[in-house]
Amino acid sequence: MREKFDINVCYKKVFEMLGNEGTIEKMVCDIAAYTDTRIVVVDIGGKILSSSDENWDMEPSVCKKQSETLLGLIAHYIETQKEEALEASLLIEEEEQKSAVNRIVVKGNTEGFSIMKTSADEENERLTGQSLCQVNDILCQALGLLMERYGQRIYYHASTLRRMIARSLFEEEGEDGLKIREIRSMYDTYVLPGFIVAVLEMGDYNMIRLQKTANSIADEYSDSFIYIKEGRIYVLFSGVHANEAEKRIAPVLEGICGTYDFFCGVSEVFEDIGLVEKKHFMVTRALEIGQASDPERRIYREYDYYIQIVCSCALPYIGKARYLERELNELKREDQMKGTCFYNTLREYLLNGNNVSMTSKKLFIHRNTMIYRLGKINEILGVDINAPAVSHRLLLSIILQDEEK
């Protein structure tokens, strides 16, 4: 016969592990074993960090039902918390099971959730609903201390729900995320068109500045969804009006880049939330291309690098089968042998829409020098670079060469 449940044993177990550099996994398994419960610990986006039940570690296709149940409990907790401002575990009773759900708090911010469930086969008579909640509360406090000790989380003060939504939008690991039935209603309520996606990367990585930047964005634009991962900040601005991008969001991003030493890729305003993944990709590529080609800039707009982004996607399929590849390489050899600047002159000329005056100003050369170079380029390539069809193909070919480098 099992010993009578004693809440003091739970206190003793967690504090012994805190004192002995215990792990989240060991703490969860020890408490689950003593209480005859199943415990699952998830991060802010619903990703499982630890579980006392090995079935939670199965392939997503096998445990999809369990995952939906898990996120359904979290959704229930968030909705109730919003109404009642809960500080303790919420008891959820269903059929013959009881579940206690509570948030894990680190430095005042919700960083995950702990869910304790009684056994599915028979009701656990050792634990009342009140005791189940008490144990989960103790576990959540201890897990918060462990997370802070090991630096597993990133702290910024956006709301719990907004941070969960942000992770579901920008995290590439899971497809279901928060888009299951139980949370979709809240998702649709908070994420409102139009949208702007921004990706910020630090010039010199610093965790404190990363956190301060995320907080600054949340303070300046409350309708934003912010996700931090691997030294980058991913932001979805929602509810953006047509004239708001330049008047409000652009100054926020420019100020942050200047103050905290960031580089930023940013999209245009769009209306379809289903495009977030595509815009995320394009903005990230604009940031990477811009840093390589225009390192003196801080803000890299998606539309400024649209052709380069498209060419970067096409390069694996086209390779060196580019328009006038041999002739362009001959132009480069001419520069190397004679110290001329024909290739770069052609590149800038095409990027500036075949405008002689604009290109000569950018290259700091006289207009007559520019005209002379263009004549020599025409001669070496054997084509009319001002013919629209030729100039378009040449520009794409040059950008593909740049991408290959």
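Owing to the predicted nature of the structure, the values given are computational and were not obtained by experimental measurement.
Within the model, atoms OG of Ser293 and CD of Glu288 stand 11.5 Å from one another, a figure rounded to the nearest 0.5 Å. If you take SG on Cys264 and CZ on Arg301, they are separated by 8.5 Å, rounding to the nearest 0.5 Å. With rounding to the nearest 0.5 angstrom, the CD atom of Glu334 is 9.0 Å from the CD atom of Glu379. Taking OG of Ser312 as the start and CG of Leu315 as the end, the distance is 8.0 Å to the nearest 0.5 Å. In this structure, CD1 in Ile74 is found 5.5 Å from CZ in Phe113, a value given to the nearest 0.5 Å. Taking CG from Leu169 and CD1 from Ile273, the interatomic distance works out to 5.5 Å, rounded to the nearest 0.5 Å.
Here the side chains of Leu351 and Ile307 are not in contact, with every heavy-atom distance at 4.5 Å or above. Taking the side chain as every heavy atom from C-beta outward, Val199 and Ile233 never approach each other to under 4.5 Å. Using a 4.5 Å cut-off on side-chain heavy atoms (C-beta onward), Tyr349 and Ile385 make contact. The shortest distance between side-chain heavy atoms of Leu328 and Ser397 falls below 4.5 Å. Side-chain contact between Glu325 and Glu327 is absent, with no heavy atoms from C-beta onward closer than 4.5 Å. The shortest distance between side-chain heavy atoms of Val9 and Lys12 does not fall below 4.5 Å. Between Glu268 and Ile196 there is no side-chain heavy-atom pair separated by less than 4.5 Å. At least one side-chain heavy atom of Leu200 sits under 4.5 Å from a side-chain heavy atom of Val235.
Asn355 contributes a side-chain N or O that, together with a main-chain N or O of Ser357, makes up a donor-acceptor pair within less than 3.5 Å. Counting only distance, with no hydrogens or angles, the side chain of His280 and the backbone of Val276 share no donor-acceptor pair below 3.5 Å. Checked by atom type and distance alone, the side chain of Ser238 never pairs as donor or acceptor with a backbone atom of Phe195 at under 3.5 Å. Although no hydrogens or angles enter the test, the distance criterion places no donor-acceptor pair under 3.5 Å between the side chain of Ser114 and the main chain of Val41. Looking at Thr369, its side chain never comes within 3.5 Å of a backbone N or O of Ile365 through a donor-acceptor pair. Without hydrogens or angle criteria, Arg209 side chain to Asp204 main chain gives a donor-acceptor distance under 3.5 Å. Side-chain atoms of Asp384 come within 3.5 Å of backbone atoms of Asn386 as a donor-acceptor pair (strictly under, hydrogens ignored).
Contact record, Glu302 with Ile309: O-CD1, 4.0 Å, taken as the closest heavy-atom pair. Residues Asn102 and Asn136 approach most closely at N-ND2, 3.4 Å, considering heavy atoms. When every heavy atom of Ser224 is checked against every heavy atom of Ala218, the shortest pair comes out as OG-CA, 4.0 Å. Annotation for Cys29 and Ser51: closest pair SG-O, 4.3 Å, computed over non-hydrogen atoms. In terms of heavy-atom proximity, Phe5 sits nearest to Ser131 at CE2-CB, 3.8 Å. Pairing each heavy atom of Ile104 with each of Cys140, the nearest pair is CG2-O, 3.8 Å.
Under 3.5 Å, the side chains of Tyr34 and Asp6 contain no donor-acceptor pair of N or O atoms. A donor and an acceptor atom, one from each side chain of Ser99 and Lys117, are located under 3.5 Å apart. Side chains of Thr359 and Glu348: a donor-acceptor N/O pair is absent below 3.5 angstrom, by distance only. Of the N and O atoms on the side chains of Arg373 and Thr345, at least one donor lies less than 3.5 Å from an acceptor on the other residue.
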Would Asp137 and Arg103 satisfy salt bridge (charged side-chain N to carboxylate O under 4.0 Å, His left out), going step by step from the backbone distance to the final call? CA-CA 9 Å; Asp137 293 343; Arg103 59 194 181 117; over 6 Å; no
Under the side-chain contact (heavy atoms from CB on, under 4.5 Å) criterion, do Gln401 and Tyr343 qualify, and how do the steps go? CA-CA 12 Å; Gln401 284 194 352; Tyr343 185 86; 2.7 Å; yes
Using side-chain contact (heavy atoms from CB on, under 4.5 Å), reason through Tyr234 and Ile228 one step at a time and then give a plain yes or no. CA-CA 6 Å; Tyr234 301 89; Ile228 300 178; over 6 Å; no
Start with the C-alpha distance between Val135 and Ile31, add both sets of side-chain angles, then the distance that settles side-chain contact (heavy atoms from CB on, under 4.5 Å), and finish with yes or no. CA-CA 8 Å; Val135 176; Ile31 294 297; 3.7 Å; yes
When you look at Ser267 and Met282, which way does the side-chain contact (heavy atoms from CB on, under 4.5 Å) test go after all the steps? CA-CA 8 Å; Ser267 76; Met282 294 182 71; over 6 Å; no
Report the C-alpha distance between Gln97 and Thr118 in whole Å, list the side-chain angles of each, state the deciding distance to 0.1 Å, and finish with yes or no for side-chain hydrogen bond (donor to acceptor under 3.5 Å, both in side chains). CA-CA 6 Å; Gln97 289 190 75; Thr118 54; 5.1 Å; no
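Figure legend: Arg162 and Phe225 shown as a cation-pi pair, the cationic atom lying under 6.0 angstrom from the six-membered ring centre and within 45 degrees of its axis.
Between Tyr260 and Phe262, the two ring planes are perpendicular [angle over 60°; tilted spans 30° to 60°]. The aromatic rings of Phe237 and Tyr221 lie perpendicular to each other, with more than 60° between the two planes, well past the 30° mark.
Of the charged side-chain nitrogens involved, none lies within less than 4.0 Å of a carboxylate oxygen, so that Lys13 and Glu16 do not count as a salt-bridged pair. Using a 4.0 Å cut-off between charged side-chain N and carboxylate O, Arg298 and Glu254 make no salt bridge. The pair Lys279-Asp272 does not count as a salt bridge, with every side-chain nitrogen at least 4.0 angstrom from each carboxylate oxygen. Look at Glu201 and Arg232 and you find a salt bridge, because one of the NZ, NE, NH1 or NH2 atoms lies within 4.0 Å of a carboxylate O, short of that distance.
Under the side chain to side chain contact (heavy atoms under 4.5 Å, CB included) test applied with Leu350, the options Leu396, Ile399, Leu394 reduce to a single match, Leu394.
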